[in-house]
Amino acid sequence: MKLGTKLIHAGVSPDPSTGAIMTPIFQTSTYVQSAPGVHHGYEYARTQNPTRDALQQALAAIENGKFGICFGSGLAATDGVLKLLQPGDEVIASNDLYGGTYRIFTKIFQRYGIKFHFVSMKDAQNLRNYVNAHTKMIWIETPTNPLLNIIDISACAQIANEHQLLLAVDNTFASPYLQNPLDLGAHIVVHSATKYIGGHSDVVHGAVIVKDEDLARQLYFIQNSCGAVPGPQDCFLVLRGLKTLHVRMQRHCENGMAVAQYLRHHAKVDKVYWCGFEDHPNHDIAKRQMRGFGGMISFTLKDDRLEAAQQVLSSTHLFSLAESLGGVESLIGHPASMTHAAIPREERVQNGLVDSLIRLSVGIEDASDLIEDLNKAIG
Ligand SMILES: *Cc1c(COP(=O)(O)O)cnc(C)c1O
C-alpha cells in the first residue's frame, strides 16, 4: 500500500458496535470486566485505549515501522526514549537541535548521570570521534531546526550498527511524507505530532515508532510506567490530521520552494537556509533521503541588527508571530528569543543561530499572498 492510502486507512476500521466510520473517542478511564481478569483486552486507560491504539497502528504503518508508542507531547516522547538509558551511558547528539530537546538532555537527563556530546554531523563521520565504551545512542534531527542542516541518516545508521548503538531520529521537520528514517537504518523515530502530523495547530502530541519488538516492549513499559500518555480526544485529532498529511505536505513543499526562491532574490535578504537549494551544503544527501524539501525556511537580513529582524517579525499579517510549525497557517518566528532561547547565547551564535535569524513555517495558503505579505514586511 502506498503512503496516501495508508494515511487514510491504516490502523482504522469501522466501529464494530455502530459502524461509525470514524474511530470513536473512547473517553473513559477504565473498562468493565465480566469476571476478574475477563475483559476485551482493555483494563485501564493509561495502559490501553482504543482511540490511541488506532493511532499507534496508523503511525507505525506510515513510518514503515511495526510499533507506534504515543505520548502527551513530542518532548514526552523524547523523554520516553531517553529512559531506555542508564546512568553512565553516553549519547552523541547533533549540535543543532530543537531547543526543548537540548533542554531536556542537559537540564534533566544529565542530572541522572547520562552524558551528552553535542557535535557537528554535517559530516556524519565526525561522530566516530566521540564513540567510546559508554556510548549507547546517537540522536539526530534532520533537517535541523532552525538552520535546515541535513544529516546523512544511512551513514549514521552504519556507524550505530558497527558499535551496537541505537540511532534515534527526530523526524518532526520532514514528516513521514518526506522521509522515513527506519527505511534508512534508524532504530527509533520520534515525532512531535503537534507539528506536520497533526497539522492544524490544535493539539500537542508525540510519538515514537520502532520496528524491533524488544525495543517496543521496553517503550510500552515506559509509556505505562511513567504515564505521559495522550488523551483520546488528542489521539482523535492526530488521526484526523494524518488523513490529509500527503495533500498538505505537497502544498507545503510547493509554497516552500516559491518563498525560498523569492527570499533568495530579495536585495535586503542575506542568507536563506532551505535544503532544496542546489548549493545547500548537503543537498545531495537531502535529495537521496527525502522526497521533497518541505516548507521550513530560515533567513537573515543584510542589516544584521536585532531591531531590523524585529521590524520584519512584527510587520507580517498572514505569517503570524508564534512558536511551533507545520500547521496549515504560515508562522514566523525568532529562534534566538523564542524556540531556542533555552540555549546559551554563545553556543547559539557559534552554531550560526544569530540574533537576526528569522524562521518561517510556510503554510498552505496561496503562495502569491504569502510572498506579498513578506514583501511588505521586509520592505
Ligand atoms: C516541537 C518540536 C519538538 C517538541 O515537541 P512538543 O510536541 O512541543 O513537545 C521536538 N522536536 C522538534 C524538531 C520540534 O519541532
Side-chain angles (χ1 to χ4, degrees), residues 55 59 63 68-83 91 93-109 116 118 121 137 139-151 153 168-179 181 186 188-209 223 226 228-231 234-235 237-238 241-242 245 249 252 256 273 275 290 294-298 322-327 331-335 338-343 351 353 357 359-363:
L55 175 60
L59 288 169
E63 273 293 12
I69 307 98
C70 287
F71 292 88
S73 69
L75 278 175
T78 300
D79 177 77
V81 171
L82 266 287
K83 283 173 177 160
V91 178
S94 46
N95 63 357
D96 180 13
L97 289 179
Y98 174 70
T101 304
Y102 178 85
R103 181 175 57 200
I104 195 173
F105 286 1
T106 55
K107 295 285 185 339
I108 306 290
F109 283 101
F116 296 89
F118 296 97
M121 296 193 195
M137 185 180 284
W139 183 284
I140 65 173
E141 227 178 272
T142 180
T144 67
N145 177 13
L147 291 173
L148 286 304
N149 287 318
I150 298 291
I151 298 173
I153 299 175
V169 180
D170 180 338
N171 202 30
T172 301
F173 257 46
S175 91
Y177 176 82
L178 295 180
Q179 177 172 281
I188 299 173
V189 170
V190 177
H191 277 286
S192 168
T194 313
K195 315 293 170 52
Y196 284 109
I197 289 182
H200 294 76
S201 310
D202 54 7
V203 65
V204 170
H205 189 103
V208 180
I209 299 112
Q223 181 194 41
C226 301
V229 293
D234 288 353
C235 292
L237 286 171
V238 176
L242 263 190
L245 180 70
M249 287 309 295
H252 281 297
Y273 298 90
C275 55
M290 300 172 74
M296 294 304 299
I297 301 168
S298 293
E323 295 202 6
S324 200
L325 61 108
L331 299 180
I332 189 166
H334 185 230
M338 297 167 75
T339 43
H340 291 65
I343 302 174
N351 294 329
L353 222 155
L357 190 78
R359 189 187 84 176
L360 301 177
S361 171
V362 180

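Remember, it's 1-based here, ligands and their atoms both numbered in the order they're listed.
Nearest protein heavy-atom neighbour of atom 5 (O) of ligand 1: S192 OG, 2.9 Å. Of the protein's heavy atoms, D170 OD2, 3.4 Å lies nearest to atom 12 (C) of ligand 1. When hydrogens are left out, the protein atom nearest atom 1 (C) of ligand 1 is K195 NZ, 1.4 Å; that is the closest non-hydrogen contact. Scanning the protein heavy atoms around atom 4 (C) of ligand 1, the nearest turns out to be Y98 CE2, 3.4 Å.
Taking the ring centroids of F105 and W139, they lie under the 6.0 Å cut-off.
Counting only distance, with no hydrogens or angles, the side chain of D234 and the backbone of H205 share no donor-acceptor pair below 3.5 Å. In this structure, the side chain of S175 does not engage the main chain of Y196 through any donor-acceptor pair within 3.5 Å. Under the 3.5 Å distance criterion, the side-chain polar atoms of S361 are left unmatched by any main-chain donor or acceptor of L325. Remark: the backbone N or O of S192 is paired with a side-chain donor or acceptor of T172 at under 3.5 angstrom. In this structure a side-chain-to-backbone donor-acceptor pair under 3.5 Å is missing from E63 to V189.
Any N or O atom pair closer than 3.5 Å counts here, and V204 shares no such pair with ligand 1. Some N or O of L75 is nearer than 3.5 Å to an N or O of ligand 1, by distance alone.
No side-chain donor-acceptor contact under 3.5 Å links D96 and S94.
With a 4.0 Å heavy-atom cut-off, ligand 1 is reached by the side chain of L325 but not by its N, CA, C or O.
The ligand atoms of ligand 1 that sit less than 4.0 angstrom from a heavy atom of G74 are 5 (O), 6 (P), 7 (O), 9 (O). Under a 4.0 Å criterion applied to the non-hydrogen atoms of E141, ligand 1 contributes the atoms 13 (C).
Residue contact check for ligand 1: L97 places no non-hydrogen atom closer than 4.0 Å to it.
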